[in-house]
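Keep in mind that what you see is a predicted model, and the values were worked out from it rather than measured. All chains are named by letter (A, B, ...) in the order of the sequence lines, taking the proteins before the strands, and each is independently numbered beginning at 1.
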There are 2 protein chains.
Amino acid sequence: MDQSPPRSSSVTVADVARKAGVSKATAARVLGGYGTVSDHVRDAVTAAARSLNYQPNELARSMTTGRSGTIGVVVGDIENPFFSLAMRGITDVARQTGFTVILINSGEDADAEKSAIRTLLAKRVDGLIVSPAKESDADHLREAARSGRPLVLLDRGSETLDIDTVIADDRHAAENITRRFIALGHRRIAYLTACDTPDHRFRAPTDINTGSVRRRIEGFLDVCQKAGLERMEDWVHVGAVTPEHTYRIATVMLKSSRRPTAVIASDSVIGLEVFKVCRELGLTIPTDLSLVSFHDADWTSVTTPPVTVVRQPVYGLGEAAAKLLVERLNGNSAEATRVVLKTEIVERASVATAPA
Amino acid sequence: MDQSPPRSSSVTVADVARKAGVSKATAARVLGGYGTVSDHVRDAVTAAARSLNYQPNELARSMTTGRSGTIGVVVGDIENPFFSLAMRGITDVARQTGFTVILINSGEDADAEKSAIRTLLAKRVDGLIVSPAKESDADHLREAARSGRPLVLLDRGSETLDIDTVIADDRHAAENITRRFIALGHRRIAYLTACDTPDHRFRAPTDINTGSVRRRIEGFLDVCQKAGLERMEDWVHVGAVTPEHTYRIATVMLKSSRRPTAVIASDSVIGLEVFKVCRELGLTIPTDLSLVSFHDADWTSVTTPPVTVVRQPVYGLGEAAAKLLVERLNGNSAEATRVVLKTEIVERASVATAPA
DNA sequence: TTGAAAGCGCTACCAT
DNA sequence: ATGGTAGCGCTTTCAA
């Protein structure tokens with residue numbers, strides 16, 4: 001047919017139109033798949049496009065339509081299995097509905113998150129899914145929500161924010177675990193979280209900026225209080241931001257003479273580290289220490305003993321968030337929804353009665 | 001000052017220019033940070049922009065400059081720890097160099113990958129990082145490379161492709177493991193991979209479309225052959241595409257009367273499943289079966305026994321790919337590079353001499 | 001230093 | 001059914 005097709009980047013509708021011997025408008029109609037064209041012309045344009053190796057410019061398309069077919073996602077850390085699985089849920093829905101995903105890691109840093117949202121908005125994403133690092137200053141979220149681009153909060157988000165949110169019933173899960181521990185005679189129960197406070201000490205749930213974790217700690221403290229356990233705030237450890245930090249915190253905690261007899265790990269990365277420290281210190285699970293971790297990570301089922309976990313519907317969280325966003329994009333403008341997905345406790349063998 | 005700022009989406013340079021009492025061109029110069037402007041005018045424009053809450057439209061900017069500040073990434077499955085870690089390396093470099101990342105999952109499907117690349121190109125990404133599902137038909141890769149947008153292949157890519165590539169020394173790693181096994185007296189050594197063939201049976205390395213895996217199997221077979229082991233092709237199992245598939249394959253394999261005494265798992269998801277099946281069948285590692293897995297996943301260090309792995313510099317793979325891409329974007333047009341990162345065998349306790 | 005005007009490639013509206 | 005044309009919001013000559 002033709003010799004070497006020209007560099008694709010420069011072929012425009014105008015070129016195709018010229019080659020097909022029709023107007024730019026007509027060529028655009030068939031290339032863009034809108035309006036009405038006769039079969040004859042359609043074939044001619046299609047042929048011309050192919051022979052020129054025409055590649056549409058989505059940027060130009062977005063410019064005029066005002067829609068980019070893109071959704072922006074801001075997560076704490078894509079390396080964390082929690083987020084990578086949620087991301088899978090998001091991207092699956094995106095693909096099915098014809099959207100493309102821009103991903104930005106905030107590193108759980110509020111400033112980075114703000115700039116990420118600004119960048120995404122500047123790139124004219126059609127909507128946003130954000131897993132906010134902090135909820136104390138949520139002005140950028142409110143602003144984003146008001147920018148006209150739909151915003152859905154993932155896994156976090158406080159009740160005070162009038163924004164679509166998809167979370168798990170973290171509080172409920174934490175309450176269940178705590179009750180179980182207490183029923184088994186545990187009194188020294190520790191909670192470990194990556195969330196940090198300015199002075200790395202915990203005083204009250206309001207110190208915690210991450211909604212999902214705050215709710216869990218509230219549930220934990222509530223149940224403890226109702227059971228007559230006092231000053232359980234002292235057993236909440238914050239700042240397990242990296243495995244190294246967790247290692248240090250867990251080591252100090254478990255070497256203490258008044259060490260806990262039960263531990264709740266706020267995510268699987270923390271749970272893994274606690275497990276390792278136990279080994280290192282020669283503590284036997286569950287005889288010496290009972291352990292429950294949030295997130296049903298793969299490793300939890302192959303350890304000896306396998307560890308009891310809170311299974312969160314992580315993929316479903318991402319999926320639901322994306323579906324909700326797409327609905328908004330399709331014009332659903334009902335008031336802000338709050339989707340709460342059920343968690344489930346997977347009993348394995350890391351929980352036992354408190355040592356005497 | 002002003003009353004409620006207008007909906008940000010509609011504020012353009014023209015609006016700012018009008019408010020600041022300068023021409024559109026001048027306003028654009030300060031807003032875009034190019035050209036020269038007097039301090040006085042700069043201040044006026046900046047003030048006007050702030051009071052109107054001006055948000056630049058990157059789409060329009062990209063239209064005229066031809067650069068979008070975006071790189072497209074196509075991976076097999078972001079849920080896989082391997083890819084999520086590599087992705088972390090990529091996004092970190094991207095952020096540092098002012099780029100934004102569009103992520104598409106191919107699901108290891110060649111057609112999906114093609115359409116992903118097309119989409120990305122249509123969105124005018126500045127460059128691409130792809131982890132190709134198959135290498136047999138790499139026309140779309142060649143075409144992408146010729147489109148003028150730099151392309152870097154991640155973890156995979158054959159020698160015949162004249163495209164920038166970042167991989168690990170998989171072959172070397174596989175050779176080492178195999179030699180070790182043979183030295184320990186193993187003769188029935190199985191290799192399990194997710195890569196599949198049309199009839200789900202393995203005959204020769206050329207059946208394998210994924211470069212990294214093909215290289216490993218080549219290394220495996222080579223060492224076997226030199227050691228005088230014959231028909232080791234029969235011990236290569238393909239099609240462990242999901243945990244369920246792996247479960248089935250591993251179960252059949254390990255229940256067989258001529259079951260292997262050593263297994264090499266081609267990734268950590270497969271390794272985990274093999275570990276589970278061993279448990280279920282009551283096989284003791286390493287007494288009954290030696291196990292080595294590729295990818296130093298978190299779970300491998302907490303099992304009993306902990307499992308020996310090939311540690312690949314996964315984060316570094318992503319990082320190197322992104323750095324290489326950014327160099328290209330900055331004009332480096334030397335000929336295609338092939339970066340090979342070193343792997344390391346992490347000795348743990350899942351390898352022993354062959355059972356008698 | 002500043003301004004006017006011409007595009008970037010496409011869609012969308014209004015005629016014909 | 002088809003063509004002409006006016007933008008989208010920005011950058012980038014070219015003059016002044």
Measure from [atom1] on [X] to [atom2] on [N] and round the result to the nearest Å.
X	N	atom1	atom2	value
A:L59	D:dC8	CG	C1'	12 Å
B:L31	D:dC10	CG	C1'	10 Å
B:R18	D:dG9	CZ	C1'	13 Å
A:R67	C:dT11	CZ	C1'	13 Å
A:K24	D:dG3	NZ	P	13 Å
B:R61	C:dG7	CZ	C1'	18 Å
B:M63	D:dC8	CE	P	14 Å
B:R29	D:dT12	CZ	C1'	9 Å

Pair [X] + [Y], salt bridge at N-O below 4.0 Å:
X	Y	answer
B:R156	B:E108	yes
A:R88	A:D92	yes
A:E143	A:R146	no

Can you figure out which of [options] approaches the side chain of [X] most closely?
X	options	answer
B:Y34	C:dT2, C:dG3, D:dT11	D:dT11
A:T65	C:dG9, C:dT11, D:dG3	C:dT11
A:S38	D:dA1, D:dT11, D:dC10	D:dA1
B:N57	D:dG9, D:dC8, C:dT2	D:dG9
A:T36	D:dT11, D:dT2, C:dC10	D:dT2

**Message:** So, OP1 or OP2 of C:dC10: does either fall under 4.0 Å of a side-chain N or O from A:T64?
**Reply:**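 Checking A:T64 against C:dC10: no side-chain N or O falls below 4.0 Å of OP1 or OP2.
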
**Item:** Under-4.0 Å side-chain N/O to phosphate OP1/OP2 contact, A:S23 with D:dG3
**Value:**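 Yes.
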
**Asked** Want to settle it: does B:G21 or B:A60 sit nearer the 5' end of DNA chain C, counting the closest nucleotide to each?
**Response**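 Nearest nucleotide further toward 5': that of B:G21.
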
**Prompt:** For the side chain of A:D126 and the backbone of A:S68, is there at least one donor-acceptor N/O pair under 3.5 Å apart?
**Reply:**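 Judged by distance alone, yes, a pair lies under 3.5 Å.
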
**Donor-acceptor contact present, side-chain B:N105 to main-chain B:G76, <3.5 Å** =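 Pair absent, no side-chain N/O of B:N105 close to backbone of B:G76.
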
**Request:** Return the 5'-most residue of the pair B:G32, A:V22 with respect to DNA chain D, ranking by each residue's nearest nucleotide.
**Result:**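 Closer to the 5' end of DNA chain D: A:V22.
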
